[in-house]
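Working notes, beginning with the structure itself.
A note on names: the letters A, B, ... follow the listed sequences, proteins ahead of strands, and every chain is numbered from 1.
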Amino acid sequence: MSMISREMAWRVFAREFNDSDLMIEGEEERSPSYLITPLGAKVNRVYLVGVLTECENIGTDEEPMWRARVTDPTGTFFVSAGKYQPGVATSLANMEPPLFVAVVGKANTYQPDDDTFLTSIRAEMVKEVTEEQRNIWILEATKSLKNRLEIAIEASKMDEISVEELVDLGFDEKLADGFKKASEHYDPLSFNKYEGMLEDSLRYILPEYESESIGEIDEEQSGEDERDEELEEFIIEIISKIEDEEGLENGVEYDRVRTKIMDEKDITSDKFEEVVNNLRSDGSLYEPVLGNLKVI
Amino acid sequence: MQEKEKFAPHVEDINRALNGKLSEEQIEEELRTYTERYGVPLGSAKRSIVKKYEGNPQDLYTNTEKSIEDIIGDEQGLDLKCRIVSINEKEIEVDDKPKQIWYGILGDDTGTIPFTLWEEPSIELNKGDTVKVENAYANTWNEKPQINIGSRASIKEIDSDEVPDFESEAQKLDLKDIRENMRNLDITARITSIEKKIVNGRDDEEKELFSGIIADETGKAQFSAWHDFDLSEDDVVRIKGGYVGSWRGIPQYSFDENAEVEFLDDDELSPSEELDDLSVYTISDLAKRGGAIDAVIDAVMIDIKSGSGLIFRCPECGRVIQKGACRVHGKVEGEPDLRVKGILDDGTGALTVIVNRELTEDILDYDMEKAMETAKDAMNQEIIKDDLEEKLIAQPLRVKGNITSDDYGLMLIANDFEYKSIDVEEEARKMLDEVRV
């Protein structure tokens, strides 16, 4: 079908967006350009919700040139709007940071020299929104990111990445094409950090992790925390219960205990590991066979 | 890789017509330039290339035996070995005289294609016969190739071994996956509405048409039955042998007396009310499908277009007027109306949504009289659009309606509309559990 469809708006986190340094220019006069992110999002337009932290008019009243910064849990988007976006200029002129804002805009890049590649967003729309709307966006962006991490996993199983095969697996054609282009340009080892980013972003919108902020989570949990006696007791209780009910002599598989505990209590995998390590080091639990936990 | 295969038969055609003047690589390069860079249709591209290198374009078509999948719709002198998947007889009128023609579907192991046989064949033809067709030609209808077997062509029966076996069984599909031009489908669905119409066929001959809506667990479609199968509302039926037409992108399942209709137990499918709630589509699915009736989408409103809010329409034609003047009828006394024309985007695609006056009043939480007053007080008609932006932009919405498509993309005419409540924490916890495993 030869539809001129409107470019859809990608939900992509600032870090992935700003890590991008591959721009595919449209070949014909009116065909769109795309910024290809390391995970293959083929971004012409973006939709984001974050915190407006700075905004200023570096132009004049007649010829405004607005520059704004909008942060999400992973980084900062650089947003601009000039005289051709009068609606945006008016909105920004009436905003006093910090504020939750939604932004729709086009991916833009600037290369001042060979080694520097700067990304920004030329805004088409900026609107003040609520924290709730911001959290909904984070959820949408994590879903979108998860889909791209899944395509990365499937693609890593292929000798040569094939767009057709990826589409057959159920991935969107735009994404499959973007991923192939990304894989020819970016270092595949950089994927790992986005897996961490996915978990961190989800924790960011959950009240039980409120005290943590992105990037600090790992350090915090390896430190000398106070021991959580209630959780320790609960873990021992669960293991004993499974052992009794199923007459297991060699203990219960580690992963099974972890899944069960994480189902019942809202804790991270790291937290579980920390508590189990404490219990093992004081002798409450031991491993009769490798990978199984048993109560002493 | 796949690209190369796509061009291979055409490179062969050109090579034959040019008698080795160009290497196959050069021909492929030329073909790519014409078709991919300049967007020239394959058929014209082939002719132009042959002419450019001083060959005779006629030679492109000197009786070449082709597989069905390679037929692009401009071939002449076409030979093929195939099997008759279906054949029907029909009377048409040529120069005021009745004339008998035959139509149906031919197939080989590479695909199927519709055909029309314009002259009475020398042998009796039946479904399942293996035949060799010589000197036929192909053209396109609705952008799909079809074969014409005219007076200069011949058709003869050949040994069935000459065409490998292929699947000509009706294809079982969910309603969500049906696309325009699909043929010989096997659909199981519930009839959620049906009405009988009398339509005028050729020669003003009256024909009964039973049309309505069918639904399964994945979606809905309009249907047209050109034969009285004694269908009634709420029946669960399996319809084998129908084909998919479309109206402005909305796929329609049509079937006639050649179809097989089987009535199934009521519990084969959920009740109508439940099927109603199940047609949630992504915009990317809809773009592939072309349209849908009574579809539900979950998306965010990311733009409200000009021409939203309080508008004035021409009393003659209903067009939205600007500065008191209609594009066609000049200066008119405009009639006020309220609407939203916006862009919904779900992260898989985007579409234009139109929301009527009644639903727009619900969104604004005030009626048109109040809107008129407000605009008058502010001396600004745009103030209503501002209110709509305030209430809709960046909001997750669930919108239901009919979706059509044209050259400008997809359009949703909303008939139901709600703010979608999302339990962010619950969904985030669920996802966190999934990714931690």
(request) Find out whether the Lys NZ or Arg CZ of B:K176 is both under 6.0 angstrom from the six-membered ring centre of B:Y281 and within 45° of the ring's axis. (result) yes

(message) Using a strict threshold of under 4.0 Å (side-chain N to carboxylate O), is an ion pair present between B:K305 and B:D303?
(response) yes

(message) Any salt bridge linking A:D200 with A:R203? Criterion: basic side-chain nitrogen under 4.0 Å from a carboxylate oxygen.
(response) yes

(message) Looking at B:E426 and B:K430, is there a salt bridge between them, counting it only when a charged N and a carboxylate O are closer than 4.0 Å?
(response) no

(message) Do the side chains of A:R45 and A:E7 get close enough for a salt bridge, i.e. N-O under 4.0 angstrom?
(response) no

(request) Can you tell which part of B:E389 gets under 4.5 Å to a heavy atom of chain A, answering side chain, backbone, both or neither? (result) backbone

(message) Taking A:K181 first and then A:D177, would you say they form a salt bridge - that is, a charged N and a carboxylate O separated by under 4.0 Å?
(response) yes

(request) Nearest 0.5 Å please: distance from the OG1 atom of A:T130 over to the CG atom of A:L99. (result) 12.0 Å

(request) Side chain from CB out, backbone as N, CA, C, O: work out which of these in A:D263 comes under 4.5 Å of a heavy atom of chain B, or both, or neither. (result) side chain

(request) Indicate yes or no for a side-chain donor-acceptor contact from A:T37 to the backbone of A:E16 under 3.5 Å, with no hydrogens or angles considered. (result) no

(request) Heavy-atom distances under 4.5 Å only: say whether A:K143 touches chain B with side chain, backbone, both or neither. (result) both

(message) For A:I205, which atoms come within 4.5 Å of any heavy atom of chain B: side chain, backbone, both, or neither?
(response) both

(message) Less than 4.5 Å to any heavy atom of chain A: does that hold for the side chain of B:I283, its backbone, both, or neither?
(response) neither

(message) Under 4.0 Å between a side-chain nitrogen and a carboxylate oxygen: does that hold for A:R11 and B:D345?
(response) yes

(request) Return the option, out of B:S284, B:A350, B:G347, B:P396, with the maximum number of heavy-atom pairs under 4.5 Å with chain A. (result) B:G347

(message) Just so I understand: if I count every heavy-atom pair under 4.5 Å between each of B:Q395, B:R429, B:E427 and chain A, which residue has the most?
(response) B:R429

(message) Before we go on, tell me: are the rings of A:F13 and A:F77 under 6.0 Å apart, centre to centre?
(response) no

(message) Given heavy-atom pairs under 4.5 angstrom as the criterion, report whether the side chain, backbone, both or neither of A:N135 touches chain B.
(response) both

(message) Heavy-atom cut-off 4.5 Å, strictly under: side chain, backbone, both or neither for A:E124 against chain B?
(response) neither

(request) Enumerate by number any residue of residues 144-153 of chain A whose heavy atoms lie under 4.5 Å from heavy atoms of chain B; in the absence of such residues, state 'none'. (result) A:K146

(request) Tell me, for A:L48 versus chain B, whether the close heavy atoms (under 4.5 Å) come from the side chain, the backbone, both or neither. (result) neither

(message) Can you tell whether the side chains of A:R258 and A:E273 come within less than 4.0 Å, N to carboxylate O?
(response) no

(request) Please look at A:V49 and chain B and tell me whether the side chain, the backbone, both or neither of the residue comes under 4.5 angstrom of a heavy atom of that chain. (result) neither

